[in-house]
There are 2 protein chains.
Amino acid sequence: MRRADRLDRLQSALDAGGYLRLKDAARLLGVSEMTVRRDIASCDGRFAYLGGYIAGGLESAGGMGYILDRERDAHIEMKRTACDSAATLLKPGETVFIDCGTTTTHLASRIPADSQITVVCYAMNIAEIVCKKPGLRVVMLGGLYHASSASFSSPESLEMLRGIGINTAFISAGGVHESLGISCSNFHEVEIKQTAIANAVTKALVVDSSKFDQVKPAFFAKLNSFDFLCCDDGIDPARAERLAAAGVRIMLP
Amino acid sequence: MRRADRLDRLQSALDAGGYLRLKDAARLLGVSEMTVRRDIASCDGRFAYLGGYIAGGLESAGGMGYILDRERDAHIEMKRTACDSAATLLKPGETVFIDCGTTTTHLASRIPADSQITVVCYAMNIAEIVCKKPGLRVVMLGGLYHASSASFSSPESLEMLRGIGINTAFISAGGVHESLGISCSNFHEVEIKQTAIANAVTKALVVDSSKFDQVKPAFFAKLNSFDFLCCDDGIDPARAERLAAAGVRIMLP
DNA sequence: CAGAAAATGTTAGAATGTTAACATCGCGAC
DNA sequence: GTCGCGATGTTAACATTCTAACATTTTCTG
């Protein structure tokens, strides 16, 4: 079938990451624009079709597009604000660890391109952002891919991480419970987070205020392991006071 | 300044990977569409603006967008064809190594999502493609990022690679010279390519025919290290015969 | 080869996006 | 205050894309 062949060619041209004008695509494939339209409509979802352009591979980082889309509307503003707080801890020339998740992307995009910062990460969505900034040095911890958090894990990566001196570790979490501790959804993240915390001079927990009193299956630290809690202003004053008493500095925007 | 703040919010909403309708962006930011247009125009390049949609972070994989764009027009059809040949070596359930570069992206996008294939890679542009396919297992070799080829390298990753059994290694190259050997532009790739070749049952060289008689600074193998040469039909018959005599099977579309 | 069905091309009008010019608002300086 | 300036909003003319209907070509089948 010719249609399938055309779609393959389109895919090839697009999944390196870019977009094509509809008319260019038509010329490339040697058919009319209308046919390209029909081709794209026939395989719904494979390409994104926006206002005269065809874009491929935008569904989003590492197949966790749906999770992300669902979460986006809910907490995006809070996450953004929490990362505003966290970004004040960034210092030119330093080495930072950036955890996986949908919160820390906002922090990654806040790192100035010319800051000479070295970023250590282990998630696709973080890497996609920081690798595009020319002034940054990026260290990626590889391993087996876990689509649930778009992250990688492996013993060798832990070994690599142990050899890296970190000025500030920015750790995210799915749940923050004052007595039970801090938890995330994926067990493979636990060792990485713990190693990053152990190797860092400054430890910062980056969460939006919806995470308080939540518990996820994998505990990885206690609240007092952290020097800073970077949060949005949804945290209530009583809680803030308790945390401050426990030695955690609260960073608000 | 309010404009910078709006741009930050846009960036946050977009760089997780997605797009926004212009009118949605206007509503999100609480300003008119015209203002959003002006904002985007003011920071040219930070966002892609296509037909009523705003897309972020599309410039392309790992900052090598420009290289890629320049190469795209030139050889894209040949690369596509070469990868058509290579794709016939893919078998469900197997483990494959996919090299970095602008050629192998076409191969990566040809891997069927439901093929239960395990992909070993060390480049952002490859990872971006294969991580999105739910039926694949992905192993990423991490390390320090090299923007020139959007790839990573580290001693620990080599160690990891040594522990991985590969059915077919798909290796790319910047130059293929019959007597001098096969070369690439970046020295850090050499060890990885060599280790992948050493660990693979089947070794396939994937290059378009423009690479013949070229030489790049870093040699990494001789032609007879490979079982297959996956190429487009631009290879001339005399050369094909010589290579066949040297024990390399030529794969054409 | 005829006929049917599918695929592709063409066209025109509707919808949408784009641009530039001008109006309005908000804010700081004098 | 009010003047001026920059930022933002509004409008209208213009350009582009979208959709659906129909024309044409190709492909398959008997």
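Protein chains get the first letters and strands the later ones, always in sequence-line order, with residue 1 at the start of each. Bear in mind the structure is a predicted one, so any value in this text is a computation, not a measurement.
Atom NZ in K23(A) sits about 17 Å away from atom C1' in dT10(C), given to the nearest Å. A straight line from OH of Y53(B) to C1' of dC18(D) spans 12 Å, rounded to a whole angstrom. Distance CG (D5(A)) to P (dT27(D)): 14 Å, rounded to an integer number of Å. The interatomic distance linking R3(B) (CZ) with dG26(C) (P) rounds to 18 Å, in whole Å. Summarising the geometry, the separation between CD1 on I40(B) and P on dT8(D) is reported as 13 Å, rounded to the nearest angstrom. When the P atom of dT25(D) is taken as reference, atom CZ of R2(A) falls 17 Å away, rounded to whole Å. The nearest whole Å value for the distance from the CD1 atom in I54(B) to the C1' atom in dG17(C) is 13 Å. In this structure, the CZ atom of R6(B) is 10 Å from the P atom of dA7(D), given to the nearest Å.
Contact annotation: the side chain of V119(B) never approaches that of V139(B) to less than 4.5 Å [non-hydrogen atoms, C-beta and beyond]. The shortest side-chain heavy-atom distance between Q116(B) and P92(B) does not fall under the 4.5 Å cut-off. With contacts defined as side-chain heavy-atom distances shorter than 4.5 Å, the pair D232(A)/R80(A) does not qualify.
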What donor-acceptor contacts under 3.5 angstrom involve side-chain atoms of residues 22-29 of chain A, with partners at least two apart or in another chain?
{"from": "D24(A)", "atom 1": "OD1", "to": "R27(A)", "atom 2": "NH2", "distance (Å)": "2.9"}

Ignoring hydrogens and angles, write down the donor-acceptor pairs under 3.5 Å from the side chains of residues 166-174 of chain A, residues two or more places apart or on other chains.
{"from": "N167(A)", "atom 1": "OD1", "to": "T95(A)", "atom 2": "N", "distance (Å)": "2.8"}
{"from": "S172(A)", "atom 1": "OG", "to": "D99(A)", "atom 2": "OD2", "distance (Å)": "3.4"}
{"from": "S172(A)", "atom 1": "OG", "to": "C100(A)", "atom 2": "O", "distance (Å)": "2.7"}

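Close to dG17(C), at under 4.0 Å from its OP1 or OP2, lies no side-chain N or O of Y49(B). Contact annotation: R21(B) does not reach the phosphate of dT16(C) (side-chain N/O to OP1 or OP2, under 4.0 Å).
T118(A) pairs by the side chain to side chain donor-acceptor pair (under 3.5 Å) definition with R137(A), not counting sequence neighbours. Remark: D114(A) engages no residue in a salt bridge (charged side-chain N to carboxylate O under 4.0 Å, His left out) (not counting sequence neighbours).
Taking the six-membered ring for Trp and thresholds of 30 and 60 degrees, Y145(A) and F152(A) have ring planes inclined between 30 and 60 degrees apart.
The side chain of D39(B) lies closest to dT8(D) when the candidates are dT8(D), dC18(D), dT8(C).
D39(B) and R9(B) are not joined by a salt bridge, as no carboxylate oxygen comes within less than 4.0 angstrom of a charged side-chain nitrogen.
Between the side chain of R38(A) and the base of dG9(C), at least one donor-acceptor pair of N or O atoms lies under 3.5 Å.
The end-to-end axis angle of the helix from dC1(C)-dG30(D) to dC30(C)-dG1(D), rounded to 10 degrees and based on five pairs per end, is 30°.
Looking at residues 26-37 of chain B, you'll see V31(B), S32(B), M34(B), T35(B) sit with a heavy atom under 4.0 Å from some atom of DNA chain D.
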